[in-house]
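Order of the sequence lines sets the chain letters (A, B, ...), proteins ahead of strands, with each chain counted from 1.
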There are 2 protein chains.
Amino acid sequence: METRTRIVEAALETLKRDGFAGTSARAIAAVGGLNQALIFYHFGGVNELLLAALDETSDRRMARYRDVVDGVQTLPELMAAAAAVYREDLESGHIKVLAEMIAGASSAPELGPEIVRRVEPWIDFARDAIARVTDGLPITVPVPAEDAAFAIVALFLGIELLTHLEGDTSRAERLFDLGSGLATMVALLVGPATGPAKEVN
Amino acid sequence: METRTRIVEAALETLKRDGFAGTSARAIAAVGGLNQALIFYHFGGVNELLLAALDETSDRRMARYRDVVDGVQTLPELMAAAAAVYREDLESGHIKVLAEMIAGASSAPELGPEIVRRVEPWIDFARDAIARVTDGLPITVPVPAEDAAFAIVALFLGIELLTHLEGDTSRAERLFDLGSGLATMVALLVGPATGPAKEVN
DNA sequence: GTCTATACTTGGATAGAC
DNA sequence: GTCTATCCAAGTATAGAC
């Protein structure tokens with residue numbers, strides 16, 4: 001395994017375990033069994049490494065989200081897909097890393113714009129997915145996809161913060177079950193023809 | 001102004017501006033124009049001070065939320081009230097402080113349980129407010145107040161993270177306008193008699 | 001209760017040997 | 001490209017004068 005990769009993996013691991021405030025060059029090196037000087041040789045500094053790590057997890061998860069979500073055409077399917085991938089995220093720690101980086105940006109303002117650039121694709125992705133399934137509905141949804149997408153990303157970040165704080169995923173799980181149930185309900189009410197309610201009709 | 005109070009205010013100010021990672025004893029002292037040693041004399045350590053600061057902002061905001069929300073009986077009123085107080089929060093920075101403390105807890109595990117104890121009252125408060133207005137509706141809402149409350153608190157935290165990151169409150173504003181509109185719609189649809197739709201009926 | 005001084009630790013960063 | 005050694009800045013914490 002290449003050194004650059006090992007450093008990035010160690011950085012991700014440290015961000016997940018110790019948060020932004022606990023992710024020092026020395027801590028990362030210890031986690032990865034690496035020499036601390038390598039971080040500066042390969043990345044120039046800790047913040048640059050953290051951005052590279054964010055890129056890595058973001059790309060990885062985005063590919064996975066596309067796999068799961070791109071085929072989806074109905075609201076209940078989208079909810080089910082979102083719940084499934086988010087469960088993976090809680091384990092993979094991707095959103096934890098994102099949340100820590102966003103919170104940490106306050107102490108290193110130069111990170112702000114860089115992180116913004118890495119968050120926007122996620123809001124765009126959510127917007128497109130939402131637009132796709134709501135376009136399929138026989139009614140006009142009174143929530144612009146753009147706003148719904150912002151809310152969903154915010155909600156995911158907040159759930160991650162609370163779930164990790166409480167060390168308990170049960171509330172998040174219940175929320176996703178609830179969402180799936182609601183989406184199915186909505187689909188049944190407004191447009192059985194395009195939803196999974198096809199069997200019912 | 002008493003020293004303890006000045007230290008707490010400086011700690012809040014620093015948390016808002018520089019985040020958890022940037023909130024050192026020295027930084028707090030500089031912000032408050034205080035001697036750094038006073039923090040240890042009065043609070044024993046930085047983390048203890050931060051918890052005291054969280055108590056302070058939490059108590060202050062909780063009193064305000066109670067003022068605004070306790071009289072509310074309908075869903076649209078609750079949405080309007082929530083939007084109004086949350087706008088204050090974005091300015092007062094209360095939720096910013098909370099989000100930073102939660103994110104920072106990963107680097108100081110002993111903070112975790114203490115912060116949990118300070119977050120729970122907010123979920124309970126939201127649950128009670130939601131339960132009150134949904135009990136007034138003529139239909140049974142398919143979302144347990146407990147789950148809705150968890151989602152709302154998570155959403156607030158996430159919106160704060162994104163809003164502060166982007167340095168732009170417009171998306172949050174639009175979301176609250178949207179929420180108010182939706183709540184009014186729901187009230188009109190399911191139960192004009194108990195909502196502000198009284199005039200319409 | 002407050003300030004100065006200081007001890008000690010941790011973190012970012014680099015020079016230079018290998 | 002990697003490791004050792006090291007410098008310097010920043011952080012926590014305390015002792016002791018005032």
Q: Return the set of residues passing side-chain hydrogen bond (donor to acceptor under 3.5 Å, both in side chains) with Thr5(B) (not counting sequence neighbours), or none when no residue passes.
A: none
Q. The helix from dG1(C)-dC18(D) to dC18(C)-dG1(D): angle between its terminal axes, five pairs each, to 10°?
A. 0°
Q: Can you tell me which residue pairs pass the salt bridge (Lys or Arg N to Asp or Glu O under 4.0 Å) test with a partner in residues 174-188 of chain B, sequence neighbours excluded?
A: Asp147(A)-Arg174(B), Arg87(B)-Asp177(B)
Q: Could you name each residue pair satisfying salt bridge (Lys or Arg N to Asp or Glu O under 4.0 Å) that touches residues 99-110 of chain A, not counting sequence neighbours?
A: Lys96(A)-Glu100(A)
Q. Can you list every pair that meets salt bridge (Lys or Arg N to Asp or Glu O under 4.0 Å) and has a residue in residues 35-49 of chain A, with sequence neighbours left out?
A. none
Q: Return the set of residues passing side-chain hydrogen bond (donor to acceptor under 3.5 Å, both in side chains) with Asp135(A) (not counting sequence neighbours), or none when no residue passes.
A: none
(Q) Going by side-chain hydrogen bond (donor to acceptor under 3.5 Å, both in side chains), name the pairs with one or both residues in residues 21-38 of chain A, residues two or more places apart or in two chains. (A) none
Q. Do any pairs count as a ring-ring contact (aromatic ring centres under 6.0 Å, His included) and have a residue in residues 132-181 of chain A, sequence neighbours left out, and if so which ones?
A. Tyr86(A)-Phe156(A), Tyr86(A)-Phe176(A), Phe156(A)-Phe176(A)
Q: Identify the 5'-most and 3'-most nucleotides of DNA chain C with at least one atom closer than 4.0 Å to a non-hydrogen atom of chain B.
A: dG1(C) to dT4(C)
Q. With Thr140(B), which residues qualify under side-chain hydrogen bond (donor to acceptor under 3.5 Å, both in side chains), at least two apart?
A. none
Q: Run the salt-bridge test on Glu114(A) and Arg117(A) with the 4.0 Å N-O cut-off and return the result as yes or no.
A: yes
Q: Output the residues of residues 15-48 of chain A in contact with DNA chain D, where contact means a heavy atom of the residue under 4.0 Å from an atom of the strand; sort by number or write none.
A: Asn35(A), Ala37(A), Leu38(A), Tyr41(A), His42(A)
Q | ring-ring contact (aromatic ring centres under 6.0 Å, His included) partners of residues 38-72 of chain A, not counting sequence neighbours, each pair once | A | Tyr65(A)-Trp122(A)
